[in-house]
Amino acid sequence: MAEETNIVLKSTEPSLGDIKIAPEVIEIIVGIAANQIDGVYSMRGTIAKNLTELFGRKKSLGKGVKLDLADDQLNIDVFVYLDYGVSVPKVALMMQEKIKQQLLFMTGLEIIEVNVHVEGVIPEKEVDKLNTDDLFSEKDGEN
């Protein structure tokens with residue numbers, strides 16, 4: 001028989017039945033909450049998820065999130081790339097708070113830990129300004 005992987009929400013009030021949430025739903029909530037923080041460039045994904053997105057399939061909102069449920073305690077690891085120039089501790093702390101807040105609001109789950117792993121910093125792309133008045137001129141110092 002397959003192992004039960006869904007997370008069962010416990011209620012203090014009488015209910016009509018169980019409420020079960022798939023781990024993928026928790027991953028998506030965490031991924032969306034993390035991406036809403038200013039300074040987060042993207043989440044780290046696996047090669048398979050990155051290739052899936054590259055070929056135009058649906059974007060995986062739960063990428064870069066690892067859940068660990070043990071003894072009804074939920075630990076979350078989030079793997080992110082940040083924009084260059086942001087305060088890493090400030091962005092990481094905001095991510096932890098936002099993730100904890102969103103999961104509590106949407107599911108009622110109490111989170112033990114939210115570990116933020118900064119995998120890299122992405123520099124801002126420099127865009128050359130195009131002079132529309134003189135498209136075929138050579139730039140200064142170039143041949």
Path from L104 to I7 over hydrophobic side-chain contacts below 4.5 Å: no
Minimum-distance pair of heavy atoms, taken over all atoms of V80 and L82: CG2-CD2, 3.9 Å
Heavy-atom closest pair, residues P23 and N6: CD-OD1, 4.0 Å
Verdict with supporting geometry, H117 and V78, side chain to side chain contact (heavy atoms under 4.5 Å, CB included): CA-CA 6 Å; H117 304 269; V78 181; 5.9 Å; no
Single-linkage hydrophobic cluster V118~I99, side-chain heavy atoms < 4.5 angstrom: yes
Common cluster, M106/L67, ILVMFWY with side-chain heavy-atom separation under 4.5 Å: yes
Atom pair CG (L74) and CG (L109), whose distance is rounded to the nearest 0.5 Å: 6.0 Å
Heavy-atom closest pair, residues K66 and F79: CB-CE1, 4.2 Å
Taking every non-hydrogen atom, the tightest pair across G64 and M43: O-CE, 4.0 Å
Shortest non-hydrogen separation from V65 to G31 and the atoms involved: CG2-N, 4.1 Å
Distance in Å, K100 NZ paired with I112 CD1, rounded so as to fall on 0.5 Å steps: 8.0 Å
Cluster overlap Y41 with Y84, hydrophobic side-chain contacts below 4.5 Å: no
Minimum side-chain heavy-atom gap I29-T107 below 4.5 Å: yes
Nearest atoms (heavy-atom pairs only) where A33 meets K98: O-CG, 3.6 Å
Test log, rule side chain to side chain contact (heavy atoms under 4.5 Å, CB included), inputs V116 and Q96: CA-CA 7 Å; V116 178; Q96 289 173 324; 3.8 Å; yes
Path from L93 to V114 over hydrophobic side-chain contacts below 4.5 Å: no
D83 vs V40 side-chain heavy atoms within contact, under 4.5 Å: no
I28 and its side-chain contact (heavy atoms from CB on, under 4.5 Å) partner, picked from I26, I32, V25, V30: I32
Pair listing, ring-ring contact (aromatic ring centres under 6.0 Å, His included) test, anchored in residues 92-114, at least two apart: none
I37 CD1 to E97 CD distance, which is reported to the nearest 0.5 Å: 10.0 Å
